[in-house]
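Source: prediction; values computed, not measured.
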Amino acid sequence: MKDYQQKKMKEFVLPDTVYRQALWAIRDMPRIMKEIEELQEISLPAGTAVHEPQIRGMYSDRTGKTAVRLATLSAKTAAIESAFVSVPEKYREGIRDKLFYGIPYGDDYHPNTWKKWQQVYIYNVARKLDL
């Protein structure tokens, strides 16, 4: 299947740029999950802040930056995962495998059915990410 959205379901049609942003946010999930794991492994004892000198005597709080990055990625992951509520449970794993990892849907259902529910899912991801 190409990376285009179906135009038949008018209530779920997004502007092309928004559709592609949502699609690539979804496809980026494996990398995001890996980055979240790496950020969680970086643990400093409570109350320890690491300051790195910057230009003109300003300081950068590495612990704070890590926390902000972790919170941002976690919110994005939660939005993408919570959009699966809009898809019937029997299609969720197939859509997740197709969009996250590029694994084909399989022969359980007709390709048009897969495409329909994928369209609904991508639409809801775009809404949850405020795109």
Side-chain angles (χ1 to χ4, degrees):
M1 184 176 99
K2 300 279 184 191
D3 289 341
Y4 62 89
Q5 62 180 323
Q6 295 182 354
K7 305 294 183 188
K8 292 186 277 186
M9 299 171 29
K10 297 198 184 295
E11 65 272 16
F12 296 108
V13 174
L14 297 166
D16 194 46
T17 53
V18 173
Y19 175 80
R20 295 202 183 277
Q21 286 176 16
L23 182 63
W24 283 102
I26 295 165
R27 287 185 176 164
D28 198 28
M29 278 294 287
R31 185 197 63 82
I32 291 173
M33 296 302 289
K34 183 178 177 187
E35 188 172 346
I36 287 173
E37 288 175 14
E38 290 171 358
L39 289 173
Q40 288 174 340
E41 289 175 3
I42 300 172
S43 62
L44 296 172
T48 307
V50 177
H51 296 286
E52 298 171 350
Q54 295 289 321
I55 300 172
R56 297 186 192 174
M58 299 181 74
Y59 288 91
S60 171
D61 181 10
R62 186 171 55 179
T63 305
K65 285 183 179 182
T66 301
V68 169
R69 182 72 179 149
L70 184 59
T72 302
L73 292 175
S74 296
K76 190 174 189 178
T77 301
I80 292 171
E81 287 291 336
S82 68
F84 274 113
V85 173
S86 61
V87 176
E89 194 169 334
K90 58 186 175 183
Y91 302 112
R92 290 178 189 172
E93 187 176 342
I95 291 173
R96 177 180 281 114
D97 289 345
K98 174 69 173 172
L99 294 177
F100 288 12
Y101 308 110
I103 299 170
Y105 293 124
D107 298 332
D108 297 341
Y109 305 101
H110 193 275
N112 290 344
T113 305
W114 285 114
K115 292 174 189 176
K116 175 183 120 178
W117 289 112
Q118 178 178 306
Q119 179 84 16
V120 171
Y121 172 67
I122 293 173
Y123 175 84
N124 284 296
V125 168
R127 299 279 311 249
K128 290 186 180 289
L129 291 176
D130 293 325
L131 298 178

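- Within 6.0 Å of the CG atom in Asp107, the count of heavy atoms belonging to other residues, nucleotides or ligands does not exceed 12.
- Each of Val13 and Met9 belongs to its own hydrophobic cluster when Ile, Leu, Val, Met, Phe, Trp and Tyr are linked at side-chain heavy-atom distances under 4.5 angstrom.
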Exercise. Evaluate the criterion side chain to side chain contact (heavy atoms under 4.5 Å, CB included) for residue pair Leu23 and Leu99; output intermediate values, then yes/no.
Key: CA-CA 8 Å; Leu23 182 63; Leu99 294 177; 3.8 Å; yes
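- Side-chain contact between Lys116 and Lys8 is absent, with no heavy-atom pair separated by less than 4.5 Å.
- Contact record, Arg92 with Val87: NE-O, 2.8 Å, taken as the closest heavy-atom pair.
- Among the candidates Glu35, Met29, Lys34, the single residue satisfying the side-chain contact (heavy atoms from CB on, under 4.5 Å) test with Arg31 is Glu35.
- Remark: Asn124 CG to Arg127 CZ distance equals 7.5 Å, nearest 0.5 Å.
- With values rounded to the nearest 0.5 angstrom, Gln119 atom CD is found 10.5 Å from Ile95 atom CD1.
- Looking at every heavy atom in both residues, Ala22 comes nearest to Leu131 through N-CD1, 3.6 Å.
- Minimum interatomic distance between Ile32 and Ala25 (heavy atoms only, all atoms of both residues): CD1-O, 4.5 Å.
- Between Lys76 and Thr72 the shortest side-chain heavy-atom distance does not fall below 4.5 Å.
- To the nearest 0.5 Å, the span separating CD on Glu41 from CD1 on Ile36 amounts to 12.5 Å.
- Between atom CD1 of residue Ile122 and atom CZ of residue Arg20 there is a gap of 10.0 Å, rounded to the nearest 0.5 Å.
- In terms of modelled atom types and a separation under 3.5 Å, the side chain of Tyr121 and the main chain of Ile80 share a donor-acceptor contact.
- Closest non-hydrogen pair, Met33 versus Thr77, comes out as SD-CG2, 3.6 Å.
- Annotation for Ser82 and Lys128: closest pair OG-CD, 3.1 Å, computed over non-hydrogen atoms.
- Summarising the local packing, CD of Glu38 is surrounded by more than 12 heavy atoms from other residues, nucleotides or ligands at distances under 6.0 Å.
- A distance of 12.5 Å separates CZ of Arg69 from NZ of Lys65, quoted to the nearest 0.5 Å.
- Here the side chains of Tyr109 and Lys90 are in contact, with some heavy-atom distance below 4.5 Å.
- Between Leu14 and Ala126, the shortest heavy-atom contact is CD1-CB, 3.7 Å.
- Few gaps surround CD on Glu81; more than 12 heavy atoms of other groups in view lie less than 6.0 Å from it.
- Ring geometry for Tyr91 against Trp117 counts as parallel: the plane angle stays under 30°, on a 0 to 90° scale with 60° as the upper cut.
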